[in-house]
Protein chains: 2
Amino acid sequence: MDQATDAPTEPAGARAKPRVRDAEATKARILDAAKREFAKNGLGGARVDVIAEKARANKRMIYHYFGSKEGLFQTILENAYVDIRTAEQKLNLDHLAPREALERLVRFTWDYYLKNPEFITLVNSENLHRARHLKKSEVIKIVSRKLVSMVGSILERGVASGDFRAGIDPVQLNITIAAIGYYYLTNRFTGSIVFERDLMAKPALEERLRFNIDTILRLVAA
Amino acid sequence: MDQATDAPTEPAGARAKPRVRDAEATKARILDAAKREFAKNGLGGARVDVIAEKARANKRMIYHYFGSKEGLFQTILENAYVDIRTAEQKLNLDHLAPREALERLVRFTWDYYLKNPEFITLVNSENLHRARHLKKSEVIKIVSRKLVSMVGSILERGVASGDFRAGIDPVQLNITIAAIGYYYLTNRFTGSIVFERDLMAKPALEERLRFNIDTILRLVAA
DNA sequence: TCGATAATGCACTAACTGGTTACTTTTCTG
DNA sequence: CAGAAAAGTAACCAGTTAGTGCATTATCGA
């Protein structure tokens with residue numbers, strides 16, 4: 001998706017000819033534009049014409065490559081999940097002390113949501129549609145299992161080292177780690193009104209991250 | 001909204017004449033139908049014609065009473081917030097021991113989300129629209145302050161009694177209590193796929209509530 | 001009982017929406 | 001270099017959408 005495809009109008013360094021037509025680049029531009037549009041307006045609110053325009057592509061191309069608006073959404077959603085799960089795996093937490101590993105995971109989850117706000121909105125949109133698209137995906141389950149087992153092994157190591165208490169369900173912990181960051185950020189607009197403070201101000205964000213790390217460490221502490 | 005208005009075609013007990021025309025009842029039916037539709041499909045996805053039909057009212061009535069689709073949404077959103085905040089105030093937690101009071105609040109929040117799933121979806125929809133409608137509301141701030149001060153006083157009492165540690169921000173605690181329930185329920189569809197278990201099965205719900213109470217009590221414990 | 005007012009219904013529209021048909025242009029292969 | 005295949009375009013379509021103009025009907029106070 002973010003491969004180094006040349007802009008279609010300028011010549012590449014290696015290739016002599018400028019590719020005026022570049023299927024991969026067009027596809028990538030469509031996916032990028034669509035991710036933004038779906039994130040901004042949801043599946044129902046996003047407009048195919050707008051996506052085509054922002055992708056500097058013809059609407060027909062969207063139907064050529066992705067079949068339908070929903071097909072496009074499904075691709076983007078699947079990519080979004082694979083992206084975050086891949087990034088998590090790269091954290092390499094196995095060689096860290098259990099408490100340190102858990103803190104890193106909480107911090108990563110928070111930072112990822114902050115830097116990729118479209119992930120949250122896409123997931124929200126998918127849940128509004130009762131996970132209709134995700135149901136069809138097989139790759140989701142595979143990458144998700146890795147996350148659960150990752151948290152599971154941190155918990156195990158923590159129990160063995162005496163840092164964590166026993167009997168904690170990795171899935172519940174996983175959900176909680178996601179929840180305390182996700183909720184804060186997805187509801188940042190209503191939250192800022194309800195609590196009468198700018199939840200997205202830098203000090204507020206830093207305070208929340210500290211609070212979240214604290215919450216999780218207290219939750220697992222022996 | 002849920003006042004005992006007579007169905008427009010049947011005679012009331014006290015009133016002799018059947019009110020063929022009943023502005024309040026029509027309004028109430030529109031609000032009820034709209035709440036369901038907006039919750040099911042979001043602001044963008046909801047259809048005014050469908051709302052009118054389900055409310056057994058003419059579409060013209062919606063524009064007569066609420067001005068626009070967005071005006072209708074705003075009314076429903078405001079009502080939704082007032083409803084939950086009112087229910088919270090009725091909990092009367094002041095005379096309970098701090099730990100007991102906090103557990104009750106976590107339990108109430110969870111139960112409320114479970115019984116009123118449309119609240120979550122309405123809030124999600126409003127955040128997709130950057131709280132455009134909530135911004136215009138004044139009553140929201142008033143009812144929200146009561147919630148924050150309620151949690152604040154539980155915390156104070158807990159610190160005084162030696163049950164809770166000092167220095168916890170009531171707003172952060174509030175957000176966390178909401179988050180651990182809200183996230184689980186709003187993402188129940190994708191969550192059930194990602195974690196390969198039915199998150200809405202009765203034992204799963206009970207387990208989650210127990211886990212959430214535990215999370216909050218450990219978070220505040222001295 | 002009458003007339004003002006509020007409630008209601010029908011038919012309409014202008015703009016939009018996802019999706020398609022028919023066509024042109026570029027690229028690649030033998 | 002021919003011509004097939006792939007990439008790309010513009011105009012269009014049928015169905016939908018929020019919103020309205022206007023006539024009608026019920027209610028209620030005087």
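The basis for the numbers below is simple: all heavy atoms, side chains too, and nothing from hydrogens, waters or symmetry mates. Sequence lines set the chain letters: A, B, ... in the order given, protein chains first and strands last, and positions in each chain run from 1.
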Can you find a donor-acceptor pair, distance only, under 3.5 Å between B:Lys59 side chain and D:dG19 base? yes

Rounded distance (Å) that lies between atom C1' of C:dC23 and atom NE2 of A:His64: 15 Å

May I have the distance from A:Ile62 (atom CD1) to C:dT17 (atom C1'), rounded to whole angstrom? 13 Å

Can you tell me the distance, in whole Å, between the OH atom of A:Tyr65 and the P atom of C:dG18? 21 Å

Specify the separation, in whole Å, of atom CD of B:Glu70 and atom P of D:dT17. 17 Å

By the salt bridge (Lys or Arg N to Asp or Glu O under 4.0 Å) test, which pairs, at least two apart or in different chains, include something from residues 129-143 of chain A? A:Glu70-A:Arg132

Starting the side chain at C-beta, find the nucleotide from C:dG19, D:dA10, C:dA7 nearest to A:Ser68. C:dG19

The correct set of residues in residues 41-53 of chain B placing a heavy atom under 4.0 Å from DNA chain D is B:Ala46, B:Arg47, B:Val48, B:Asp49

Which pairs, with at least one residue in residues 168-201 of chain B and sequence neighbours excluded, count as a ring pair (Phe, Tyr, Trp, His ring centres under 6.0 Å)? A:Tyr182-B:Tyr183, A:Tyr183-B:Tyr182, B:Trp110-B:Tyr184, B:Tyr113-B:Tyr182

Could you tell me the separation between the OH atom of B:Tyr63 and the P atom of D:dT17, rounded to a whole number of Å? 12 Å

Using five base pairs at each end, measure the axis-to-axis angle across the helix from C:dT1-D:dA30 to C:dG30-D:dC1 and round it to 10 degrees. 10°

Is any side-chain N or O of B:Arg60 under 3.5 Å from a base N or O of D:dG21, one able to act as donor and the other as acceptor? yes

For a quick test of your reading: what N or O donor-acceptor pairs under 3.5 Å do the side chains of residues 39-49 of chain A make, sequence neighbours left out?
{"residue": "A:Asn41", "atom": "ND2", "partner": "A:Glu37", "partner atom": "OE1", "Å": "3.1"}
{"residue": "A:Arg47", "atom": "NH1", "partner": "A:Gly44", "partner atom": "O", "Å": "3.1"}

Name the atoms and distances for all side-chain donor-acceptor pairs under 3.5 Å in residues 114-123 of chain B, with sequence neighbours left out.
{"residue": "B:Asn116", "atom": "ND2", "partner": "B:Tyr112", "partner atom": "O", "Å": "3.0"}
{"residue": "B:Thr121", "atom": "OG1", "partner": "B:Pro117", "partner atom": "O", "Å": "3.1"}

D:dG19 base to B:Lys69 side chain: any donor-acceptor pair below 3.5 Å? no

Grab the CG-P distance between A:Asn58 and D:dC12 for me, whole Å please. 15 Å

